[in-house]
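Down below is the structure, laid out as structure tokens.
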2 protein chains.
Amino acid sequence: MEGEPTLQLRVFDLNCWAIRYLSKRRQERVQLIGDTLRREGFDLVLLQEVWSEQDYSDLKVKLGGCYPFSHYFRSGVIGSGLCVFSRFPILDTLLYQYSLNGYPYMLQHGDWFCGKSVGLSRSRAGASMGVLASRPLFPPSSCQLHAEYCREKDAYLPHRLVQAWELAQFIRHTSKAADVVVLGGDLNMHPEDVGIRLLRGWTGLRDAFAEATRFEGCEDGCTLVPNNCFTVNSELLPFPLGIRIDYILYKAVSSFTVKCEELKTTTGTAPGTDIPFSDHEAVMATLHIQRQGQAAGDTLATAEPTLADVVTEARTEVGVGLRAARRQRYSAGRMAVLALLLLLLQAAAVLGTLAGLAAEQPFPKLSFSLLAFFALGVLLLATGLHLFHTMEVKMLQGTEEQMRMALRALQERP
Amino acid sequence: MEGEPTLQLRVFDLNCWAIRYLSKRRQERVQLIGDTLRREGFDLVLLQEVWSEQDYSDLKVKLGGCYPFSHYFRSGVIGSGLCVFSRFPILDTLLYQYSLNGYPYMLQHGDWFCGKSVGLSRSRAGASMGVLASRPLFPPSSCQLHAEYCREKDAYLPHRLVQAWELAQFIRHTSKAADVVVLGGDLNMHPEDVGIRLLRGWTGLRDAFAEATRFEGCEDGCTLVPNNCFTVNSELLPFPLGIRIDYILYKAVSSFTVKCEELKTTTGTAPGTDIPFSDHEAVMATLHIQRQGQAAGDTLATAEPTLADVVTEARTEVGVGLRAARRQRYSAGRMAVLALLLLLLQAAAVLGTLAGLAAEQPFPKLSFSLLAFFALGVLLLATGLHLFHTMEVKMLQGTEEQMRMALRALQERP
């Protein structure tokens, strides 16, 4: 069987940073991305943060000749921002929305309103492929810039871990239908972060950067680099080389082997031009897929005792998040009860006046109504927050329990 | 290979109607369910509408001896209400939340706040099993009681179809990891409804009621029957025998065959007592699972031209829903703009007074402030509705496109 032909798969992955009205030189960059993709003729293109469906449609028209198959994953108010262009037929798609995605009141990050999903599309090109694109929670973890950011990082870590876990579980449950799985995306985590270790360990996915025979691009494979004119350099101060948060991961599921022959990143500017594609660098991998005599089996990447350590570490962090969410749920509940008490007090005062118990109305009408509206506003807001944190508690509990189940399964295995 | 031993799998499915403070004689019924399950010793128990985690915990304690493995699926504010008890180890679980689930302002149905998911657990007992429990959108479709209900039905149908489609897609993408798939649940659809035909056709799942060699229970396998003292009989007037909306569906994925030997339903009262388990009847199936020499293949249940008709019919209904959602999005947007204009007008009047343009304030302060608060309330509400319907439009569009892709694939198949 060694003589089976090798399938070469050239994969392109980019966080396009294409937010209408907000991203700098968006239209110019989307055009540039389209031109490059058409010229280079990849097999598979995974794009994130294509927030405008118009941009997707423009790309689709431009790329129709060399990538006849494509899919835009719709979700949420703004959309998932995920799309796939492919030289091979897309047979089927599925979108999975993460259950937690930051906080609705963190408007400056805006994560709650969008991008909370992983899109799966199936292709066939010699081997059947499960192709996934994802962009989980912003901001990148462990960007320790200053005190506030550190605290933010702490607040977001449990959500990020829930997402990493759900992504891993989704891949485990859906990957059996494919021979080869390719995941591309801005995962917003550094390679040594617990979320990435969890994702890789629990799915057996391999990191194209670590496995590549040849590498060309930014030092250490970084994809958010100070050289890029769109990155905010002050945010990268603790990392003079930049950070690596965009990945191409892959694995063979059935009787196939996959090898990464070459990995490339852009280096601040797109090849042949003077502006970058995006504030992120593009990642381009050349994978070699070959059929093998015997089934490879669904192996886990890391040795199991190590994997158990990673799951335990993640579970501890989720537990920390769970306690914080319970505290916030309690605070919001208390606030709602206080606002309700104030409203009841006011209602009692009004009823008292109407019943003639008080000689005359003790407060001026205007401030009285304003106070009532204020209390009503606080009541609604606090109730909403209480419900939100109740949901958060449930999802964190659910994830913690799933991780416990996974640990038990790991320990029981012979 | 014909000599391979047969695995007998006894499955119990019930919508428990266990809503705290709302469901009649809840605790008594949950106890009764627990006692029966312990006595009967099924292999697999799929419960829906167990909204209180305390009820689940009580059942877990009581059933620990005969069903050592169990899982409660957490989601949303109230929870998914789904749980699984199993005699075989549960290896892994995954929860998939439907993207559309009714309307938040339809408080009387409460669907938006809960139950919007399908839970998947994997077991191994000779054959590996993918076990799914689901309870999609309430109320049951085509319960044509009176004009209002009819209109409601029309409004909900597209959401129900999106859920049926997502459930089918979820099963297609995850079932390859199992030898046998069993889906139990209150699907809130009649057997001849387009949603059920779509689900069965697109996944190849078979209906235990239709396939059973022996049947015992309510006529036509009905699971919402006038005999049951908890059902609201006036709602069943057009269906004197009752309706069948609870199902056990199954299929063999790899080199196995599954046959349904026996199907039973309860008949208004639980066996050996004078009250029913719930307002729904329980469904109990005995499945025979046997390994076969050759792989069965992932066949679709219905002939493909028929399946194409079903997908086309579903797509048409989703299209109707899409147009309605677009209209509602437009109305909500217009309302928000009007409220904003009123607020701006008021702000202009205030500024005018402050600048001394008007001789004196034209309105009394109190009504002026009340009007401003009213406008603000309408603005917030209308904006929320606009965002919600934007999301609805996106999901309906996404489903319609996936159905189009499926139709193309069906037509292109040799």
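First the proteins, then the strands, lettered A, B, ... as listed; each starts at 1. Computed from a prediction, not measured in an experiment: that's the story for all the values here.
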Measuring from A:Lys394:NZ to B:Arg74:CZ, what's the distance to the nearest 0.5 Å?
7.0 Å
Quick one, B:Phe170 with A:Thr174, criterion side chain to side chain contact (heavy atoms under 4.5 Å, CB included). Give me CA distance, side-chain angles, the key distance, then yes/no.
CA-CA 9 Å; B:Phe170 181 71; A:Thr174 56; over 6 Å; no
Donor-acceptor pair, side chain of A:Gln169 and main chain of B:Thr93, under 3.5 angstrom
yes
Assess whether side chain to side chain contact (heavy atoms under 4.5 Å, CB included) is satisfied between A:Tyr96 and B:Leu94, documenting all intermediate values.
CA-CA 11 Å; A:Tyr96 181 87; B:Leu94 185 67; 4.1 Å; yes
With a 4.5 Å heavy-atom cut-off (strictly below), which parts of residues 397-408 of chain B touch chain A? List them by number.
B:Gln397, B:Gly398, B:Glu401, B:Gln402, B:Met405
Give the member of A:Leu91, A:Asp92, A:Thr390, A:Ile90 that has the highest number of heavy-atom pairs under 4.5 Å with chain B.
A:Asp92
